[in-house]
Amino acid sequence: MERFSITTPIYYANGRPHIGHAYTTIAADVLARLNKKLGKEVFFLTGTDEHGAKVADTAVSVGKEPQEFVDEIAQSFKDCWEKLDIQYSDFIRTTDKRHELGVHLALNKLKELDLIYEKTYSGLYCAGCEAFVTEKDLDENGLEPLHQKKPIVVEEKNWFFRLEKFLPKIKQAFEDNKILILPSERKNEVLGLFQQGLEDFSVSRSREKLKWGISIPFDDTQVAYVWIDALLNYVTALGYGSDNRELLQRFWPADIQTCGLDILKFHTIYWPAMLLALGLELPKQLLVNGYFTINGQKMSKSLGNVIDPMALVDEFGSDATRYLLLSAFPYGNSGDIDVNNFQTKYNELANTIGNLVRRTFNLAEKYGVKYERISNNLLEIYPQLNNENENILEALIKLVRSQAQELNVGIDSEAPWKEADEIKRNEIVAKYLKKVFELADLLEPVMPKTALAIFDSVDESGKITNPPILFPKKV
Ligand code: MSP
């Protein structure tokens, strides 16, 4: 059986999930479901990034112990994914014991191979990024642009990773598309990083300053740098760190790793370097999503415009929420999510897909036209969808939309209800019935409940017995 594995970034456990997290997770879920439907054995990994100063500080600010706090946050992510019908295979938490074991194994190995060394470093540190920054990264007010925070000067003795050694090989992997970067415009951006000059990075932090982290097995004064800890989740979840390497063999390298453009450098420089250092294979594709704004503004707690995906599900249902977020603008671009559009787009779903299904099923019921489902339409359509240079998520959404529209127009113009010849009339109805089921195959990865409602509306004999009301009008 062919296999397919996909990962999302693991989300910071310093707050409840918002639609930014939901956006990336839905996209990965759609790709996972698509591949399942193509008959592949799928592994879809997501989880939470639970260590670091940011998380520890937030826990203190709400009067909780870090562990208690992250337990609650991790649960809120799981609840949210359940509500959004996210079918992940595993949810890794960086406070899991299995993860800690894997991080220890990796650090020990890097030390053994002399790929890390101790050095005193002084530099500017942005607590928002959990990373060192340089003067040239700052804006005119001396603030780190993304978090609008003033970096602090940090001087520490840390363990550093010999990055330089791996850079040519990583660059080559991108140039040869061994790691395919999609959308392809991002590739130049990544290649540009190599021009900038990349320095060795630290894999540890002083324990004095950061208590909430994974210990360094050979140095009690240090804990693992949160990004090193976090990136390793992609393999610790598969058993790196345990004796059982079966999943690692089956599902690593990942076919697709998704990440936001904000964390591109970590996924294109540090992560591949660590993989090479540890003797693990490089992922095959990096699918990068843009950053969105809400009604033209950056989404932030202080602006009070953070949208809870659960509230959207309460309003529109999980299928429509998945569709509304994914179809807001082409995946990979940065764009704006105009929440005022959601209602209009929901109505569009009701008027196209909802309407088409209702009319077709009513006609089939009325004229006793049966339907026998024999093939999975996605298998036929997939080669046409899967053009490497095209954005498959975008292509899928577009096709669902255009097919629903075309079918509505088609059934109107063929108007079987006006056809006097009974045989001809039933043939037309049968044709549209078939097309509705084909559409259901196509939309299933994006809107699984809708597809299921369509599949379940027909009994064993092919008779329509249970026509669903899709995207009901809200009162
Ligand atoms: N914990 C790190 C990732 C570690 S991966 C080894 C992290 N977490 S995060 O919660 O801040 O963001 C994770 C991802 O969420 C981003 O890369 C991005 O894909 C998604 N998004 C968060 N906010 C978003 C928007 N406003 N717009 C689009 N995606 C957003 O970084």
Side-chain angles (χ1 to χ4, degrees), residues 5-10 45 49 102-103 105-117 119 121 123 129-134 136-137 158-204 224-238 240 248 251-289 332 388-389:
S5 59
I6 184 162
T7 67
T8 71
I10 49 171
L45 178 66
D49 184 357
V103 172
L105 178 71
L107 288 166
N108 279 329
K109 191 152 186 183
L110 294 178
K111 170 114 186 309
E112 236 171 74
L113 297 169
D114 190 34
L115 291 171
I116 52 177
Y117 61 96
K119 180 172 95 171
Y121 183 84
C129 306
E130 293 274 19
F132 281 103
V133 291
T134 59
K136 67 176 188 312
D137 296 324
N158 297 135
W159 289 88
F160 277 76
F161 179 88
R162 296 187 202 282
L163 178 62
E164 211 178 317
K165 206 174 156 149
F166 301 98
L167 290 174
K169 200 160 176 192
I170 300 171
K171 188 162 176 247
Q172 194 70 45
F174 290 124
E175 278 168 349
D176 299 348
N177 294 336
K178 270 213 174 112
I179 306 177
L180 181 70
I181 301 182
L182 288 180
S184 43
E185 300 95 86
R186 295 274 176 236
K187 183 169 157 181
N188 286 339
E189 203 172 311
V190 170
L191 290 175
L193 292 174
F194 291 86
Q195 251 85 61
Q196 246 171 246
L198 292 159
E199 288 169 18
D200 288 358
F201 60 90
S202 71
V203 299
S204 71
Y225 171 39
V226 60
W227 265 103
I228 297 309
D229 166 351
L231 286 163
L232 283 165
N233 91 85
Y234 299 130
V235 290
T236 59
L238 296 173
Y240 184 85
L248 203 58
F251 294 108
W252 192 261
D255 292 281
I256 300 183
Q257 295 211 265
T258 65
C259 80
L261 104 122
D262 52 326
I263 52 176
L264 198 55
K265 187 170 170 187
F266 295 98
H267 285 82
T268 53
I269 308 291
Y270 299 166
W271 178 228
M274 283 162 69
L275 285 169
L276 291 174
L278 297 172
L280 294 164
E281 280 184 70
L282 298 174
K284 294 181 200 156
Q285 188 192 121
L286 197 68
L287 177 63
V288 187
N289 67 275
E388 252 184 23
N389 296 314

Evaluate the side chain to side chain contact (heavy atoms under 4.5 Å, CB included) criterion for residues L276 and K169: first the C-alpha distance (whole Å), next the side-chain angles of each, then the deciding distance (0.1 Å), finally the verdict.
CA-CA 9 Å; L276 291 174; K169 200 160 176 192; 4.1 Å; yes
For [X] and [Y], which heavy atoms make the closest approach, and how far apart are they?
X: C259; Y: P9; value: CA-CG, 3.8 Å
X: A230; Y: I10; value: O-CD1, 3.6 Å
X: S5; Y: P253; value: OG-O, 3.7 Å
X: L163; Y: D200; value: N-OD1, 3.1 Å
X: A173; Y: L282; value: CB-CD1, 3.9 Å
X: T258; Y: T8; value: OG1-CA, 3.3 Å

By the definition side chain to side chain contact (heavy atoms under 4.5 Å, CB included), identify the one residue from L115, L110, I116 that meets it with L113.
L115
Judged by atom type as modelled, is there a donor-acceptor pair below 3.5 Å linking the side chain of N108 to the main-chain atoms of L105?
no
Under 3.5 Å, side chain of R162 to main-chain N/O of D114, donor-acceptor pair present?
yes
Between F161 and F166, does the ring centroid distance fall short of 6.0 Å?
yes
Apply the test side chain to side chain contact (heavy atoms under 4.5 Å, CB included) to residues W271 and Q257: give CA-CA distance (whole Å), side-chain angles for both, the deciding distance (0.1 Å), then the verdict.
CA-CA 11 Å; W271 178 228; Q257 295 211 265; 2.9 Å; yes
Polar side chain donor-acceptor pair, T134 to D137, under 3.5 angstrom
yes
Side chains of N158 and Y225: donor-acceptor distance under 3.5 Å anywhere?
no
[X] [atom1] to [Y] [atom2] distance, which is reported to the nearest 0.5 Å:
X: D49; Y: N233; atom1: CG; atom2: CG; result: 8.0 Å
X: L275; Y: L280; atom1: CG; atom2: CG; result: 5.5 Å
X: S202; Y: I228; atom1: OG; atom2: CD1; result: 7.5 Å
X: F174; Y: L191; atom1: CZ; atom2: CG; result: 8.0 Å
X: R186; Y: N188; atom1: CZ; atom2: CG; result: 11.0 Å

Test: E112 and K109 ion pair at under 4.0 Å:
no
Heavy atoms, side chains only, cut-off 4.5 Å: are [X] and [Y] in contact?
X: Y234; Y: P283; value: no
X: N177; Y: K187; value: yes
X: H267; Y: L231; value: yes
X: F201; Y: I269; value: no
X: L286; Y: L264; value: yes
X: V190; Y: F194; value: yes
X: I6; Y: L287; value: no
X: L198; Y: K265; value: yes

Is the F160 ring parallel, tilted or perpendicular to the Y121 ring (thresholds 30°, 60°)?
tilted
E164, CD: over 12 other non-hydrogen atoms inside 6.0 angstrom
no
Working for side chain to side chain contact (heavy atoms under 4.5 Å, CB included), residues W227 and D229
CA-CA 5 Å; W227 265 103; D229 166 351; over 6 Å; no
For a side chain to side chain contact (heavy atoms under 4.5 Å, CB included) check, start with the C-alpha distance between K284 and L180, then their side-chain angles and the critical distance, and finish with the verdict.
CA-CA 6 Å; K284 294 181 200 156; L180 181 70; over 6 Å; no
